[in-house]
Amino acid sequence: MARPPADPLILASTSPQRRAILEQLRIPFEVVAPRYVESGDDPVEHAAGKARSVNGGERPILGVDTIVVCDGDVLGKPGDASEAEAMLERLAGRTHEVVSGLCLRTQSWEELHRDLTRVTFRPLTPRDLAAHLLANEWKGRAGAYAIQGFGGSLVERIEGDYLNVVGLPAALLVRLLADRFAGTYGFG
C-alpha cells in the first residue's frame with residue numbers, strides 16, 4: 001500500500017547547495033527566504049533565527065547555517081581575491097572545522113543541533129592558490145572554497161559528514177526526520 005506524499009517541509013534558506021542536498025535525499029520541500037539578519041558567529045543561533053522568521057503553518061521548517069573555523073577564528077566569506085588567498089593560505093596543510101547549526105521546528109516543538117566536520121587541506125603551492133582563485137569558486141563561500149567543486153582538489157582528508165561541508169548536515173537531518181516523522185519522509 002502506497003503512503004500518501006509527505007507535505008513538503010519549508011526550507012528557510014535560498015542556498016542552492018541546500019536545495020540540491022534535499023533534492024538528492026528526495027525530501028519534498030519548498031523554499032521560503034528567511035527574514036532574519038545574522039549577527040555574531042553562532043550557527044545554531046542563526047539556524048534558529050532563520051527557521052523562526054518563516055511561517056510554515058502546520059509543516060516543519062528547516063533552518064541551517066554553516067561556518068568555517070580555524071584555530072578558533074571564524075573564516076567568513078571573503079570580500080575579494082586577496083582575502084580569499086589569505087584564507088586559503090591559512091587553511092593549507094592544516095585541519096579546520098566546518099560547523100553547522102540546524103533548527104527543525106513546527107508550531108509545537110523545536111530541535112536545535114550543532115554538527116561538526118573536520119577538513120584537512122593538503123599543502124598548497126602558489127600555483128594551486130592561483131588556479132583556485134582564478135576558478136572564482138571562493139566568491140560567496142565561507143572559508144573561500146566549495147568542496148563539491150574545484151575546491152575538492154584542496155582537500156586531503158575529511159572526518160564527518162561530507163554534505164555538512166557542502167552546506168547541510170544531511171545525516172543529522174535524516175536522523176531527526178526519522179525520529180520525528182517516522183516513515184513520512186522515507187526514513188525511520
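Below, all heavy atoms of this structure are taken into account, side chains as well, without hydrogens, waters or symmetry copies.
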4.5 Å side-chain heavy-atom contact, L133 and L88:
yes
Is the backbone of F150 close enough, under 3.5 Å, to the side chain of Y145 for a donor and an acceptor to pair up by distance?
no
Over all heavy atoms of both residues, which pair between G56 and I10 is shortest? Give the atoms and the distance, please.
CA-CG1, 4.0 Å
Under a 4.5 Å side-chain heavy-atom rule over Ile, Leu, Val, Met, Phe, Trp and Tyr, are V99 and V68 clustered together?
no
When rounded to the nearest 0.5 angstrom, what is the spacing between OG1 in T95 and CZ in F121?
10.5 Å
Hey, could you give me the CG/NE2 distance between L102 and H113, rounded to the nearest 0.5 Å?
7.0 Å
For residues Q148 and Y162, report the shortest heavy-atom separation together with the two atoms involved.
CA-OH, 3.3 Å
Is there a donor-acceptor pair closer than 3.5 Å between any side-chain N or O of D41 and the backbone N or O of V74?
no
Please step through side-chain contact (heavy atoms from CB on, under 4.5 Å) for the pair R114 and D42, ending with a clear verdict.
CA-CA 10 Å; R114 178 181 311 268; D42 183 352; 3.3 Å; yes
If hydrophobic clusters are built from ILVMFWY residues whose side chains come within less than 4.5 Å, do L176 and I21 share one?
yes
Donor-acceptor pair, distance only, cut-off 3.5 Å: does the side chain of R118 make one with the backbone of H96?
no
Any side-chain heavy atom of Y185 sitting closer than 4.5 Å to one from R26?
no
Taking all heavy atoms of W138 and all of A81, pick out the closest pair and write down the distance.
CH2-N, 3.4 Å
Side chains of S100 and D115 only: does a donor on one sit below 3.5 Å from an acceptor on the other?
no
Atom of P169, atom of N164 and distance for their closest heavy-atom approach
CB-OD1, 3.6 Å
Once you round to the nearest 0.5 Å, how far does CD1 of I147 lie from CZ of R141?
11.5 Å
Give me the one residue out of I61, T106, L62 that meets side chain to side chain contact (heavy atoms under 4.5 Å, CB included) with L9.
L62
Side-chain heavy atoms of I27 within contact of L177, under 4.5 Å:
yes
At their closest point, which heavy atom of C70 faces which heavy atom of R94, and how far apart are they?
SG-NH1, 3.8 Å
Rounded to the nearest 0.5 angstrom, the CG-CG distance for L173 and L25 is 7.0 Å
Report the C-alpha separation of F181 and F187 in whole Å, then their side-chain angles, then the decisive distance to 0.1 Å, and conclude whether the ring pair (Phe, Tyr, Trp, His ring centres under 6.0 Å) test is met.
CA-CA 8 Å; F181 303 97; F187 313 109; over 10 Å; no
Is the backbone N or O of D73 less than 3.5 Å from a side-chain atom of D71, with the two atoms forming a donor-acceptor pair by type?
no
E30 and P8: which non-hydrogen atoms are nearest, and at how many Å?
OE2-CG, 3.9 Å
Does the pair L75 and V69 meet the rule for a side-chain contact (heavy atoms from CB on, under 4.5 Å), with working shown?
CA-CA 6 Å; L75 303 182; V69 180; over 6 Å; no
Under a 4.0 Å threshold between the charged nitrogen and the carboxylate oxygen, would D80 count as salt-bridged to K139?
no
Verdict with supporting geometry, D65 and K50, side-chain contact (heavy atoms from CB on, under 4.5 Å):
CA-CA 9 Å; D65 189 63; K50 291 174 184 180; 3.2 Å; yes
Counting N and O atoms only, with roles assigned by atom type, does the side chain of T117 sit under 3.5 Å from a partner on the main chain of D161, one being a donor and the other an acceptor?
yes
Nearest 0.5 Å, what's the CG-CZ distance between L11 and R19?
8.0 Å
Nearest 0.5 Å, what's the NE2-OG distance between H46 and S39?
7.0 Å
Are E111 and R105 ion-paired here, with the side-chain N under 4.0 Å from a carboxylate O?
no
So that I can tick it off, tell me whether E83 and K77 are bridged by a salt bridge, with the cut-off set at under 4.0 angstrom between side-chain N and carboxylate O.
no
Give the C-alpha distance, both sets of side-chain angles, the deciding distance and a yes or no for side-chain contact (heavy atoms from CB on, under 4.5 Å) between E159 and L116.
CA-CA 9 Å; E159 299 169 50; L116 184 144; over 6 Å; no
Transitively linked via ILVMFWY side-chain contacts under 4.5 Å: F29 with V174?
yes
Taking the side chain from S53 and the backbone from R35, do they hold a donor-acceptor pair closer than 3.5 Å?
yes
Is the backbone N or O of G57 less than 3.5 Å from a side-chain atom of Q107, with the two atoms forming a donor-acceptor pair by type?
yes
Are there more than 12 heavy atoms of other residues, nucleotides or ligands under 6.0 Å from atom CZ of R122?
yes
Hphob cluster co-occupancy, V64 + Y36, side-chain heavy atoms under 4.5 angstrom
no
